[in-house]
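Pasting a structure below so you can have a look.
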Amino acid sequence: VHPDLISFSNTHFYNNELTAYPQHNALLPIRHHYIEDGRFIDRKNEIEAKAVVQRIREVLKTSRSIGVVAFSEEQLSLIWNLLSANEQEELNNKLDSNEGFFKALENVQGDECDSLIISFGYGKNEEDKFIMRFGPMNSANGRKRLNVLLTRAINTIDFFCSVSSSDFKLTDNESIQ
């Protein structure tokens with residue numbers, strides 16, 4: 001419902017041929033949540049996951065449908081485990097009634113939701129080093145996964161990450177670039 005939701009894919013995948021017909025909504029559809037103290041330890045980022053869980057709680061109260069995507073299975077499992085039993089049940093009810101999805105990046109395909117919550121999960125380690133190993137994103141088709149992911153939201157995207165653009169090194173990997 002807002003052109004910003006499709007602009008990345010429109011520019012990088014569709015030669016600016018897509019048109020979004022916006023509804024009149026003053027809210028910014030894409031929100032970036034930088035988790036400054038998040039750390040990627042033992043293949044997950046607990047501080048970031050806690051922030052994601054807080055947003056899930058808010059969205060469950062206000063949105064008809066919800067999508068939660070983590071860039072790794074480990075991060076997704078951590079997010080699930082941080083939810084209360086009642087929140088897990090509520091989310092399961094949405095999943096069962098096709099009003100939501102809860103998936104790792106490599107499993108997202110064809111799902112849509114009103115509110116999409118994304119956990120990048122990767123970040124600096126305990127030695128304050130950012131190692132750019134992003135699982136399926138490092139593959140040749142990693143960039144296509146981004147296109148699929150970023151076109152799942154109807155109304156809003158909340159993107160959580162613990163690194164900034166300046167933390168990324170130049171690379172020849174087109175998907176990472």
Side-chain angles (χ1 to χ4, degrees), residues 2-18 20 27-56 58-59 66-82 101-109 111 113 115-153 155-177:
H2 196 288
D4 287 356
L5 291 168
I6 197 71
S7 66
F8 177 84
S9 291
N10 198 17
T11 300
H12 296 283
F13 296 95
Y14 299 109
N15 298 317
N16 292 311
E17 294 175 2
L18 300 177
L27 295 176
L28 292 175
I30 302 172
R31 292 180 290 268
H32 175 246
H33 305 267
Y34 176 60
I35 312 302
E36 186 173 358
D37 53 348
R39 290 290 177 260
F40 188 66
I41 300 170
D42 294 328
R43 301 176 62 175
K44 52 193 172 285
N45 186 329
E46 187 170 352
I47 294 170
E48 182 178 308
K50 288 177 179 177
V52 168
V53 165
Q54 182 57 40
R55 183 66 186 140
I56 291 170
E58 295 165 2
V59 170
I66 182 173
V68 179
V69 176
F71 272 60
S72 72
E73 289 283 350
E74 291 86 354
Q75 186 73 3
L76 190 69
S77 293
L78 175 60
I79 292 166
W80 182 260
N81 291 332
L82 290 172
F101 57 93
F102 191 86
K103 297 181 175 183
L105 174 64
E106 61 267 21
N107 298 321
V108 176
Q109 183 68 44
D111 302 294
C113 60
S115 299
L116 176 62
I117 301 169
I118 303 169
S119 176
F120 184 60
Y122 301 107
K124 294 177 181 176
N125 61 22
E126 57 272 331
E127 297 163 357
D128 208 35
K129 293 187 176 153
F130 180 48
I131 300 168
M132 298 193 326
R133 288 188 217 128
F134 307 123
M137 276 301 302
N138 282 32
S139 70
N141 288 325
R143 63 189 300 270
K144 292 179 183 177
R145 293 179 193 278
L146 270 184
N147 178 41
V148 171
L149 171 63
L150 296 175
T151 57
R152 303 301 90 201
N155 294 313
T156 61
I157 296 174
D158 284 281
F159 181 75
F160 290 79
C161 71
S162 301
V163 291
S164 66
S165 59
S166 63
D167 292 318
F168 284 80
K169 299 176 190 95
L170 289 178
T171 176
D172 292 333
N173 184 321
E174 184 179 13
S175 296
I176 304 305
Q177 192 65 8

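In this text the structure is predicted, and so the values were computed from the model without any measurement.
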What residues form a ring-ring contact (aromatic ring centres under 6.0 Å, His included) with F40, not counting sequence neighbours? Y122

Given side chains that start at C-beta, do those of I56 and I79 come closer than 4.5 Å, heavy atoms only? yes

Does D42, at its CG atom, have more than 12 non-hydrogen atoms belonging to other residues, nucleotides or ligands within less than 6.0 Å? no

Around atom CD of E126, are there more than 12 heavy atoms from other residues, nucleotides or ligands closer than 6.0 Å? yes

Is it the case that more than 12 heavy atoms not belonging to R43 sit under 6.0 Å from its CZ atom? no

Check: E73 side chain, A104 main-chain N or O, donor-acceptor pair, under 3.5 Å: no

So, the side chain of E48 versus the backbone of S162: is there a donor-acceptor pair under 3.5 Å, distance only? yes

Where does the angle between the aromatic ring planes of F120 and F134 fall among parallel (under 30°), tilted (30 to 60°) and perpendicular (over 60°)? tilted

Does L82 have any side-chain contact (heavy atoms from CB on, under 4.5 Å) partners at least two apart in sequence or in another chain, and if so, which? A49, K50, V53, L78

Output all residues satisfying salt bridge (Lys or Arg N to Asp or Glu O under 4.0 Å) with D111, sequence neighbours left out; order by chain, then residue number. K103

For R39, which residues count as a salt bridge (Lys or Arg N to Asp or Glu O under 4.0 Å) partner, sequence neighbours excluded? D128

Indicate yes or no for a side-chain donor-acceptor contact from N15 to the backbone of E17 under 3.5 Å, with no hydrogens or angles considered. no

Could you measure the distance from the OH atom of Y34 to the OG atom of S165? Nearest 0.5 Å is fine. 10.0 Å

Which heavy atom of K124 sits nearest a heavy atom of V163, and at what distance? N-CG1, 4.1 Å

Set of residues satisfying side-chain contact (heavy atoms from CB on, under 4.5 Å) with respect to Q109, sequence neighbours excluded: V148

Result for side-chain contact (heavy atoms from CB on, under 4.5 Å) between F71 and one of L76, N45, L149 points to L149

I157 CD1 to H32 NE2 distance, which is reported to the nearest 0.5 Å: 12.5 Å

Sequence-distant partners of E58, salt bridge (Lys or Arg N to Asp or Glu O under 4.0 Å), two or more places apart: R55

The reported gap from CD1 in I118 to CD in Q75 (rounded to nearest 0.5 angstrom) is 13.0 Å

Value rounded to 0.5 Å, distance of OG1 in T156 from CG in L28: 11.0 Å

Interatomic distance, NZ@K44 vs CD1@I47, rounded to 0.5 Å, equals 13.5 Å

Picking from N107, I66, L116, V68, what satisfies side-chain contact (heavy atoms from CB on, under 4.5 Å) with F101? L116

Kindly indicate, with the supporting measurements, whether the criterion side-chain contact (heavy atoms from CB on, under 4.5 Å) is fulfilled by I30 and F159. CA-CA 8 Å; I30 302 172; F159 181 75; 5.6 Å; no

